[in-house]
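Just so it is clear, the values below take in all heavy atoms, side chains as well, and ignore hydrogens, waters and symmetry mates. Just so we're on the same page: letters track the sequence lines, and every chain starts at 1.
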There are 2 protein chains.
Amino acid sequence: MTGERESAVAIRADHPEPLWIQAVDLITSEIARGVLKPGMRLPPERELCRQLSISRVTLRKALTKLVEDGVLNSSHGRGWYVATAGTARKEWPNSLESFTETATRMGLTASSVVLRADITPASLDEAEELSIAPGTPLFRLDRVRLLNGVPIAIDQARIPEALVPNVAEADFQTESLYDKMSEAGLEIVRADSTIEAREADDHIAKHLGLQAGKPVLVMHHLVVDGLDKPLLASTIQYSGDRYRLRTSFARSGTFSRTAHPGR
Amino acid sequence: MTGERESAVAIRADHPEPLWIQAVDLITSEIARGVLKPGMRLPPERELCRQLSISRVTLRKALTKLVEDGVLNSSHGRGWYVATAGTARKEWPNSLESFTETATRMGLTASSVVLRADITPASLDEAEELSIAPGTPLFRLDRVRLLNGVPIAIDQARIPEALVPNVAEADFQTESLYDKMSEAGLEIVRADSTIEAREADDHIAKHLGLQAGKPVLVMHHLVVDGLDKPLLASTIQYSGDRYRLRTSFARSGTFSRTAHPGR
DNA sequence: AAGTGGTCTAGACCACCCC
DNA sequence: GGGTGGTCTAGACCACTTA
């Protein structure tokens with residue numbers, strides 16, 4: 001009993017992952033194991049450094065990441081605290097989630113009915129949005145998305161066929177388009193999105209079993225990689241009364257910076 | 001001509017703001033001024049350190065922030081690049097914005113018509129959401145929000161009166177509720193939000209000049225501080241055909257981290 | 001092989017909280 | 001004043017890109 005040991009598995013300077021990520025994982029698992037409970041204060045930074053055998057800069061990089069994830073909070077002269085929302089917070093993504101991931105998180109079974117899956121030339125508008133030449137072969141995937149068999153939304157995805165070879169051969173009744181993209185080596189970094197409320201048109205209404213004119217929640221994503229190259233354009237129309245988007249906006253963590261008044 | 005000078009205003013180690021924030025502002029303004037154009041490569045880190053007279057760690061903190069904001073991208077052995085989306089990206093907030101801030105960013109004039117501003121006891125549901133006792137005095141602020149005089153949305157805000165003393169005396173026709181909260185020392189850290197499409201009810205329809213039953217975009221925020229204490233509950237209902245929410249979802253920034261296979 | 005970003009360290013000083 | 005987080009530095013080594 002020399003004191004505390006954070007975990008049986010220590011941080012290793014060898015190869016595997018950066019030290020700060022190991023620290024993130026270690027602290028996360030301590031919380032999951034219940035060693036650290038919501039509201040509890042963590043040991044001081046300098047003490048943690050000693051325990052984990054890492055420098056303070058590295059530790060703070062890990063702690064910062066955990067704040068972004070909503071797992072921890074810091075208070076200047078007081079210490080680091082485990083967020084009280086704890087587990088619940090994990091259900092408020094501020095990151096992009098695929099429909100499949102959302103379903104998994106909610107414990108429901110996602111399925112799809114494929115309405116269309118073919119490759120045809122891109123129109124002018126599509127080409128412009130995806131930064132490709134008009135006429136470029138475009139894979140079009142239209143699906144009705146269901147949760148536990150209930151139709152929730154219609155998803156219309158458009159992706160240049162060249163980016164995901166043989167994409168048209170996949171069975172999207174069960175497979176995730178995002179997974180296919182990852183397998184093809186595409187690096188999804190960001191999605192610029194618009195969200196609006198519109199009236200259901202006849203086509204949507206029919207497939208979702210709605211009355212035309214009823215509200216639908218329309219999300220449009222343009223998924224891009226690290227160099228801002230468009231990878232995928234996707235429009236999802238959710239039945240207004242069957243879906244509620246959940247997210248969590250951070251108030252830019254570091255400082256407030258209300259726009260300067262005049263001058 | 002000894003070479004380049006980043007700007008007439010150098011970074012000052014005196015008091016004002018942290019060095020890394022000054023660096024963020026400086027680089028941002030260089031892009032705004034057109035000195036750095038979308039797609040351009042920045043000078044290498046070590047060179048920038050010299051120019052700005054800051055350490056590499058500090059510079060990298062600034063660069064990391066700019067990546068989060070979508071202003072820059074990095075590529076391992078190659079360099080730092082100005083995001084091609086450039087100016088457009090600034091209009092894709094991934095942070096929580098007040099209506100007033102949104103208007104300012106878009107160059108429009110936000111105004112409000114106050115429908116209600118009074119203090120009454122909290123109901124059971126309200127109390128539960130805000131983690132207060134039922135019957136606690138609650139400030140209720142209902143406003144029609146306009147952009148350049150056009151009604152866009154109805155905003156219903158609920159905040160425990162004790163958190164913002166004398167809140168009922170403010171003139172919310174011109175003032176921002178978020179500003180008042182900041183002045184009262186409240187630290188807004190996050191907003192857990194739901195977004196859905198609903199039909200306009202008679203009350204909403206009347207004030208927005210819509211037909212009842214038309215789609216409205218309903219955003220509900222629960223604004224909390226660093227310790228997850230609820231500060232404010234707010235419901236904003238936007239006219240479906242007059243507003244489109246824009247945001248940008250990051251795919252978990254740092255790394256992909258598909259679960260480890262085995263071991 | 002040279003250039004450039006990514007990670008890491010040890011130590012310093014400041015600002016805030018609480019006794 | 002002691003404890004604690006926030007910022008900053010100078011320098012080192014590694015990993016990736018490009019030629």
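- Close to dG6(D), at under 4.0 Å from its OP1 or OP2, lies a side-chain N or O of Arg60(A).
- Residues passing the side chain to side chain contact (heavy atoms under 4.5 Å, CB included) test with Arg140(A) are Arg116(A), Asp118(A), Thr120(A), Glu126(A), Leu138(A), Arg158(A), sequence neighbours excluded.
- Following rounding to the nearest Å, Leu66(A) (CG) and dG5(D) (C1') show an atom-to-atom distance of 16 Å.
- Evaluation of the side chain to side chain contact (heavy atoms under 4.5 Å, CB included) rule for Ala162(A) yields no partner, not counting sequence neighbours.
- Distance Glu45(B) CD to dA2(C) P: 20 Å, rounded to the nearest Å.
- Annotation: side chain to side chain contact (heavy atoms under 4.5 Å, CB included) contacts of Thr136(A) (sequence neighbours excluded): Ile132(A), Ala133(A).
- One atom, CG of Leu48(B), and another, P of dT4(C), lie 11 Å apart when rounded to the nearest Å.
- Under the rule for a side chain to side chain contact (heavy atoms under 4.5 Å, CB included), the partners of Pro134(B) that lie at least two apart in sequence or sit in another chain are Leu124(B), Ala127(B).
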Check: protein-nucleotides 15-19 of chain C nitrogen or oxygen pairs below 3.5 Å:
unit_1: dA15(C); atom_1: N3; unit_2: His76(A); atom_2: NE2; d: 3.2

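- Residue Ser74(A) places at least one side-chain N or O closer than 4.0 Å to OP1 or OP2 of dG6(D).
- Evaluation of the side-chain hydrogen bond (donor to acceptor under 3.5 Å, both in side chains) rule for Glu129(B) yields His220(B) as partners, not counting sequence neighbours.
- Between Tyr81(A) atom OH and dG5(D) atom C1' there is a gap of 11 Å when expressed in whole angstrom units.
- Under the 3.5 Å distance criterion, the side-chain polar atoms of Lys65(A) are left unmatched by any main-chain donor or acceptor of Ala62(A).
- Take Arg41(A) and apply the salt bridge (Lys or Arg N to Asp or Glu O under 4.0 Å) test, not counting sequence neighbours, and it matches no residue.
- Within the structure, every side-chain polar atom (N or O) of Trp80(A) is placed at least 4.0 Å from both OP1 and OP2 of dT4(D).
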Check the interface with nucleotides 8-13 of chain D: list each N/O to N/O pair with the protein under 3.5 Å, or write none.
unit_1: dC8(D); atom_1: OP1; unit_2: Leu19(B); atom_2: N; d: 2.1
unit_1: dC8(D); atom_1: OP2; unit_2: Trp20(B); atom_2: N; d: 3.4
unit_1: dT9(D); atom_1: OP2; unit_2: Ser55(B); atom_2: N; d: 2.8
unit_1: dT9(D); atom_1: OP2; unit_2: Ser55(B); atom_2: OG; d: 2.8
unit_1: dT9(D); atom_1: OP2; unit_2: Thr58(B); atom_2: OG1; d: 2.5
unit_1: dA12(D); atom_1: N6; unit_2: Arg56(B); atom_2: NH1; d: 3.2

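- With sequence neighbours excluded, no residue forms a salt bridge (Lys or Arg N to Asp or Glu O under 4.0 Å) with Glu161(A).
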